[in-house]
> 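I have a structure I would like to understand better, so I am pasting it below and will then ask my questions one at a time.
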Amino acid sequence: MKRNLLAPVNCDLFCAVVDNFGDIGVCWRLARQLAHDHGIAIRLWVDNLKSFSKLCPEVNVHLDRQRCDGVEVIHWTEPFPDVEPAALVIEAFACKLPESYVISMAGKQHEPVWVNLEYLSAEDWVEGCHKLPSPHPNLPLTKYFFFPGFTPKTGGLLLEHDLLKRRNDFQNNLAQQQAFWQSVGLITPAPETLKISLFSYENSSMCDLFDSWAHGTQTVLCVVPEGRILPQIEKYFEQISESGTRHFSLGNLQVSIVPFVEQERYDELLWVCDFNFVRGEDSCVRAQWAGKPFIWHIYPQNDGVHMQKLRAFMNLYSADLPADTLQAMQSLWGTWNQIQQPIQPHATDVGLAWNDYFTHQSILQKHALTWSKTLSTNNLALNLLDFFSSIDRMRDSQNFSTDRQTI
């Protein structure tokens, strides 16, 4: 890939893994996009290689330094090594940079552009905080807050340059779809089978949802990447699963557990299903790029902040939906997230909410495609590099003015 001349020559991206896959999922996508699409030399510092290896099987958890898919991956440990800071430094999700590295940044003649990549939110305040500077209290450094988001006044979302084309090609190619099903150990479902992916945190509403599918009139294949909800599924079917692909069935419901797949394969799972249940930040964004109806299980927080985030996104995403479709979406999302009024004033059972939601499939499908097309005009990686260039030019201009005054 030819390097973007306005982009930084190199970048240090720091990731402290908090939610197993969410944080590192976002960072790994960003690192590869900067390397592949923009020719930037990336060092990805990760404190948990075991979680990372689930997303990238190429990672060797026993190596402190390695190259994976064009990115230099370094195990972030203490004491931190003495390295030259990069031109662009990204602190993902407010992870605290090593003090020695920060001091080295301050000692560089050309100050690095230091960005705190924040968590994704649709809340109104995000637009006002995007790109705000935060001067270091003791050192001649400034950190900038960079907020991903869904509106033009935010940093946008991660989107590979060819993702939507690959999605469309895949969804119009039966051979590619059959190859995907075979790769995860499944027979290609019959055309009339309703295909649903389920990637979720633990959820007490799961049993009611499974009951609805099992006793419904349509055959349902639910594909579950192995994860935190697996013990609940085993308990529901009163079976203990073995490693590899596992299958459970009851009535019209078949649940297939598949091994955790790398990011590209997960995209294909989202593309091939009719509905997608997703969790956290990374899979939620990928579900939106899939252009399929989805149900988001937001990461629960003890202080209830996640309720505000969920409402904010629902209001934004559903703004153009007809009133009855909007009500059906609010009911299902609300019951699935176990949030009380006013989000789901009509539904008391997730099975009933699902049945109502399903009747709006055609409207939801059309809306999902339109939404993904709209979002695609606001690319996070491009916005990040534009921001780097603007800060770099501003500093060069300031230095030039200072030099003139000195003369």
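FYI, side chains are in, hydrogens and waters are out, and symmetry mates aren't considered; it's all heavy atoms of this structure. Please read these numbers as outputs of a predicted model, since none were measured by experiment.
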> Taking all atoms of both residues into account, what is the closest heavy-atom pair of Q177 and Q171, and its distance?
NE2-O, 3.1 Å
> Does CG belonging to D124 count more than 12 external heavy atoms closer than 6.0 Å?
no
> Check the orientation of Y317 and F313. Use parallel for under 30°, tilted for 30 to 60°, and perpendicular for over 60°.
parallel
> Answer with yes or no whether the side chains of S183 and R265 bring together a donor and an acceptor at under 3.5 Å.
yes
> Quick check: closest heavy atoms across K195 and V272, and the distance to 0.1 Å?
CE-O, 3.2 Å
> Aromatic contact between W114 and F146, with the criterion being ring centroids under 6.0 Å apart: yes or no?
no
> Flag yes if more than 12 heavy atoms outside K108 fall under 6.0 Å of its NZ atom; otherwise flag no.
yes
> Give me the one residue out of E58, E72, E264, E262 that meets salt bridge (charged side-chain N to carboxylate O under 4.0 Å, His left out) with R32.
E264
> Angle between ring planes, W354 versus W213, binned at 30° and 60°: parallel, tilted or perpendicular?
perpendicular
> Consider side-chain contact (heavy atoms from CB on, under 4.5 Å). Of R167, K292, R286, which one does L270 pass it with?
R286
> Tell me if the NZ atom of K54 is crowded by more than 12 foreign heavy atoms within 6.0 Å.
no
> May I ask you to check whether F294 and F277 place their ring centres under 6.0 Å from each other?
no
> Using distance alone, with no hydrogens and no angle criterion, decide if Q365 and D274 have a side-chain donor and acceptor under 3.5 Å apart.
no
> With sequence neighbours excluded, tell me which residues meet side chain to side chain contact (heavy atoms under 4.5 Å, CB included) with N379.
Q33, L159, A381, L382
> What about the rings of Y357 and W336, do their centers lie closer together than 6.0 Å?
no
> Tell me whether Q182 at atom CD has more than 12 heavy atoms from other residues, nucleotides or ligands lying less than 6.0 Å away.
no
> Is there a side-chain contact between H247 and L186 (heavy atoms, below 4.5 Å)?
yes
> Looking at D162, I want to see if its CG is surrounded by more than 12 non-hydrogen atoms of other residues, nucleotides or ligands under 6.0 Å.
yes
> Distance alone, cut at 3.5 Å: any donor-acceptor contact between the side chains of T359 and Q361?
no
> Among W76, Y101, F52, F80, whose ring-ring contact (aromatic ring centres under 6.0 Å, His included) with W45 holds?
F80
> Over 60° means perpendicular and under 30° means parallel, so tell me whether F150 and W371 are parallel, tilted or perpendicular.
tilted
> Is the gap between the ring centers of H297 and F199 under 6.0 Å?
no
> Do you know which two heavy atoms are closest between N10 and A87, and how far apart they sit?
OD1-N, 2.8 Å
> Taking all heavy atoms of D208 and all of V350, pick out the closest pair and write down the distance.
CB-CG1, 3.4 Å
> Is the gap between the ring centers of Y266 and F260 under 6.0 Å?
no
